[in-house]
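Quick one: the structure is below, questions incoming.
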Protein chains: 2
Amino acid sequence: MAEKAKATIHDIAEVLNITASTVSRALNNNPRISDNTRKLVLKTAKQLNYQPNNIAAALRNGKSHIIGIIVPTADRTFFASVVRGIEEIANKINYKVIICQSYDNYDKEVQTIDALLSARVDGIIASIGKNTEDFSHFKRAQEKGIPLVLFDRTTDELEVSQIMIDDYLGAFKVTEHLIQQGCRRIAHFTSPKKVSIFRERLRGYTDALKKHNLPVLDELIVGSNLQLEDGRKSMEKLLALPEMPDAVFSASDYGAMGAMQVLKERKIKIPQEVALAGFSNEPFTSFTDPPLTTVDQFSIQMGNMTAELFFEQLKQNGKKHLPQKTVLKPELIIRQSTLKK
Amino acid sequence: MAEKAKATIHDIAEVLNITASTVSRALNNNPRISDNTRKLVLKTAKQLNYQPNNIAAALRNGKSHIIGIIVPTADRTFFASVVRGIEEIANKINYKVIICQSYDNYDKEVQTIDALLSARVDGIIASIGKNTEDFSHFKRAQEKGIPLVLFDRTTDELEVSQIMIDDYLGAFKVTEHLIQQGCRRIAHFTSPKKVSIFRERLRGYTDALKKHNLPVLDELIVGSNLQLEDGRKSMEKLLALPEMPDAVFSASDYGAMGAMQVLKERKIKIPQEVALAGFSNEPFTSFTDPPLTTVDQFSIQMGNMTAELFFEQLKQNGKKHLPQKTVLKPELIIRQSTLKK
DNA sequence: TATATATGTACAATCGATTGCACAGATTTT
DNA sequence: AAAATCTGTGCAATCGATTGTACATATATA
């Protein structure tokens, strides 16, 4: 029972007294194989419990039918959903997906690229780590002719197809919505990191203020890592100001939650005294009390589209292609945390 | 720029006027290679931008250094975290991980097993789909000598190592905690599916009631799919009873959230009038108002342990091993939704 | 009937890395 | 100084599937 020698096409060939090439062709539906032979081969394959060895085929063909995905972390809803979206498409055309996490660690990201190249993946789909400022590891991959597509956390420093949401627009919509609700002193939680998504959200925020002739005040813009704890601290910082804000727009839902906790602890009414909005539409935002206004990023669809973009590029087989930049429109999800009226 | 022919050990050999075998040995730190040669090889490898071809090595060695993971869905926090836990361990010893989702679909699960076997993964870690009642696809994998480890959604019908949490104990603890808080009419949301985790939770619930001489009332046990909407409906059903329950223990956090929404809409006080508890410690449970008492499943650690169990088995290299069954103790997380005192 | 075309298989090289064995030259032992 | 041992490297087979080319037989065409 230990060594059920795995059957190969040679074993099948031997049984039928034909050669491995014929078996291979029969299994691959090559038209030059007679129906009779094909049937015999299939039958014998089943009998021997034959399982094709993709590794051998991959070596010969130079195609592994595996694509590598790099995400900062796989257990955040957004990334998990995008991955799911990618996998849905990949599976349909018989591709498998290797998931790698960079943990927002630059060195790990570099290593991961090398590992994927060594694994001879047919291509790479990635969302860049927060701390990455040098992109030569991605360039190396591209130079080897490996198709590369970036999503969400992207960069313009690479000639690469990318798919992201319009963070600027999302933030603009949130801010404008807050203004329409009558807020005039709107604070913003952002991240000082160089990741473009946060800069874009900041830009959307400031532009909306400007459009409505509201001042952009440094004291109301708080930088942090945007986690729950950061949200708490940022909120406390704001409450220590001479004049309280009448709204907080956090660039992350987690940051908004931290703010919500502090506000509730201090019995500050949401949204009457301070309106609150987040970004990402994490599942929990509909459960909170009050439910949180936020921005939906269509993560599964984003995964689908990323995969489609990727496979399109893969089909072109290394030929030059113009990098496409697809920008998805996010949707403002208005909930009670901002509904003053 | 298109065809930067990827360098192989033969290319390195040619440059240095030695053979590929020497290069291979040099790269693998074989002690029989002189330091001088090794240095030259490494230097040349770097110059040529050599990237080992794992596929070729895998074919030769019969080891792909890839393990397959099958989960019902990758975008649920619990599974995403377990996967992360597995990946942490796997990466440390230079293994990669292929994630596959069964979507709780039996056919897809079977196909996935075949795909992984063809990909020649070195082993499989899986959590069984809800609708799977025949396990021969897993048996087939085992017969081929592929190490298999199951987590969370497991079965005793296979001779296989498994790792799960003690759902019975978790449910028992929750129920006993509710009783200690003075609740006497405790309802339970469960699932009619054959998945053992829900049956175990139900058993923990009833046993705790019995231990404290409380009646087990059918009218208080509501079956559903345990999603948010189901929780709402179940709660409404309970509120329609002649006598209201004084506590609800849902076998899922989502179900509990549904109940919470209904209770709040009806201005029924939590926990004073109805205490509320869930199961899984989804991230959002700490954000709700009031924060939800629930049971933590240590998902990342579960992933770590699953991976460790798996690699232990892998090391034994097909030798017989006694399947181990590891049961993790879950932790009761007490929050305000059940604290009457 | 002789030649041309179709049909079905076989042969052998290939993908890139690994490894048992052989062997030459250098060093040590007796 | 002859024999034994050590060092460092080369040779060639191997992992399993694929595929261009060759070739034999069968059928169609002239």
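All values below come from the heavy atoms of this structure, side chains included, with hydrogens, waters and symmetry mates left out. Letters A, B, ... mirror the listed sequences (proteins, then strands); counts begin at 1.
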(request) Could you tell me whether the side chains of B/Ser34 and B/Asn36 share a donor-acceptor contact shorter than 3.5 Å? (result)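 Absent: no donor and acceptor within the cut-off.
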(message) Could you tell me how far apart B/Leu59 (CG) and C/dT14 (P) are, to the nearest whole angstrom?
(response)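 Value for this atom pair: 17 Å.
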(request) Taking only the side-chain nitrogens and oxygens of B/Thr22, find out if one of them lies under 4.0 Å from OP1 or OP2 of D/dG10. (result)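 So the side-chain polar atoms of B/Thr22 do come within 4.0 Å of the phosphate oxygens OP1 or OP2 of D/dG10, strictly under.
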(request) Remember a base hit wins even if backbone is also touched, and classify B/Ser24 as base, sugar-phosphate or nothing at under 4.0 Å, heavy atoms. (result)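 Touches a base.
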(message) Looking at D/dG8, I'd like to know if its phosphate oxygens (OP1 or OP2) sit under 4.0 Å from a side-chain N or O belonging to B/Thr37.
(response)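 It does not, given that no N or O in the side chain of B/Thr37 lies less than 4.0 Å from OP1 or OP2 of D/dG8.
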(request) Rounded to the nearest angstrom, tell me the gap between atom CG in A/Asn28 and atom P in D/dT18. (result)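 Going from A/Asn28 (CG) to D/dT18 (P), I get 5 Å.
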(message) Taking A/Lys92 first and then A/Glu88, would you say they form a salt bridge - that is, a charged N and a carboxylate O separated by under 4.0 Å?
(response)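 No, A/Lys92 and A/Glu88 are not salt-bridged.
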(request) Could you check how far CG of A/Asp35 sits from C1' of C/dT7, rounded to whole Å? (result)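 In whole Å, C/dT7 C1' lies 12 Å from A/Asp35 CG.
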(message) If I take atom CG in residue A/Asn54 and atom C1' in nucleotide D/dG16, what distance separates them, rounded to the nearest angstrom?
(response)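 Rounded to whole Å, this separation is 11 Å.
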(message) Taking donor-acceptor contacts at under 3.5 Å, does the side chain of B/Arg32 reach the base of D/dG10?
(response)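 It does not, because no donor-acceptor pair links the side chain of B/Arg32 to the base of D/dG10 below 3.5 Å.
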(message) Can you say whether a donor on the side chain of A/Arg38 sits under 3.5 Å from an acceptor on the base of C/dG8, or the other way round?
(response)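 Between C/dG8 and A/Arg38, which were checked side chain against base, a qualifying N/O pair under 3.5 Å is absent.
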(message) Go nucleotide by nucleotide along DNA chain D from the 5' end; which of B/Ala56 and B/Val23 gets its closest nucleotide reached first?
(response)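 Result: B/Val23.
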(request) Let me know the distance between CG of B/Asn53 and C1' of C/dT14, rounded to the nearest Å. (result)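 The answer, rounded to whole Å, is 13 Å.
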(request) Name the nucleic acid region contacted by A/Asn30, choosing base, sugar-phosphate or nothing; use a 4.0 angstrom heavy-atom cut-off, strictly under. (result)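 No contact at all - A/Asn30 keeps every heavy atom at 4.0 Å or more from the nucleic acid.
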(request) Would you indicate what A/Ile18 reaches in the nucleic acid, counting non-hydrogen atoms under 4.0 angstrom: base, sugar-phosphate, or nothing? (result)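 Sugar-phosphate: the residue A/Ile18, judged by heavy atoms under 4.0 Å, touches backbone atoms but no base.
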(request) May I ask you to evaluate whether A/Ser34 reaches the phosphate of C/dT7, defined as a side-chain N or O under 4.0 Å from OP1 or OP2? (result)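 It does not, given that no N or O in the side chain of A/Ser34 lies less than 4.0 Å from OP1 or OP2 of C/dT7.
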(request) Taking the side chain as every heavy atom from C-beta outward, state whether A/Asn29 and A/Arg38 have any pair of such atoms under 4.5 Å apart. (result)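 A/Asn29 vs A/Arg38: side chains touch.
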(request) Classify the ring geometry between B/His137 and B/Tyr106 as parallel (under 30°), tilted (30 to 60°) or perpendicular (over 60°). (result)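 Aromatic pair B/His137/B/Tyr106 classed perpendicular.
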(message) Classify A/Ser21 by what it touches in the nucleic acid, base, sugar-phosphate, or nothing, heavy-atom distance under 4.0 Å.
(response)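 Result for A/Ser21 = base.
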(request) Specify the separation, in whole Å, of atom NZ of A/Lys63 and atom P of C/dT14. (result)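 Value for this atom pair: 20 Å.
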(message) Need to verify one output field. Residue with the more 5' nearest nucleotide on DNA chain C, B/Thr8 or A/Asn17?
(response)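 Counting from the 5' end, the first nearest nucleotide belongs to A/Asn17.
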(request) Return the nearest nucleotide to the side chain of B/Ala57; candidates are D/dA17, C/dA17, C/dT19. (result)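 Shortest atom-to-atom distance from the side chain points to C/dA17.
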(request) Taking only the side-chain heavy atoms of A/Arg25 (C-beta and beyond), determine which of C/dA17, D/dT19, D/dA17 contains the nearest atom. (result)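 Nearest nucleotide to the side chain: D/dT19.
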(request) Using whole Å, report how far CG of B/Leu27 lies from P of D/dT9. (result)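 One finds 13 Å between P of D/dT9 and CG of B/Leu27, rounded.
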(message) If only side-chain N and O atoms count, and only distance matters, is there a donor-acceptor pair under 3.5 Å linking A/Lys6 with A/Asn53?
(response)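 Result is no, nothing qualifies.
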(message) Would you say B/Asp75 and B/Thr73 are linked by a side-chain donor-acceptor pair, where the criterion is simply a distance under 3.5 Å?
(response)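 Result is yes, a qualifying pair exists.
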(request) Quickly work out the B/Arg60 CZ to D/dT14 C1' distance and round it to whole Å. (result)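 The answer, rounded to whole Å, is 5 Å.
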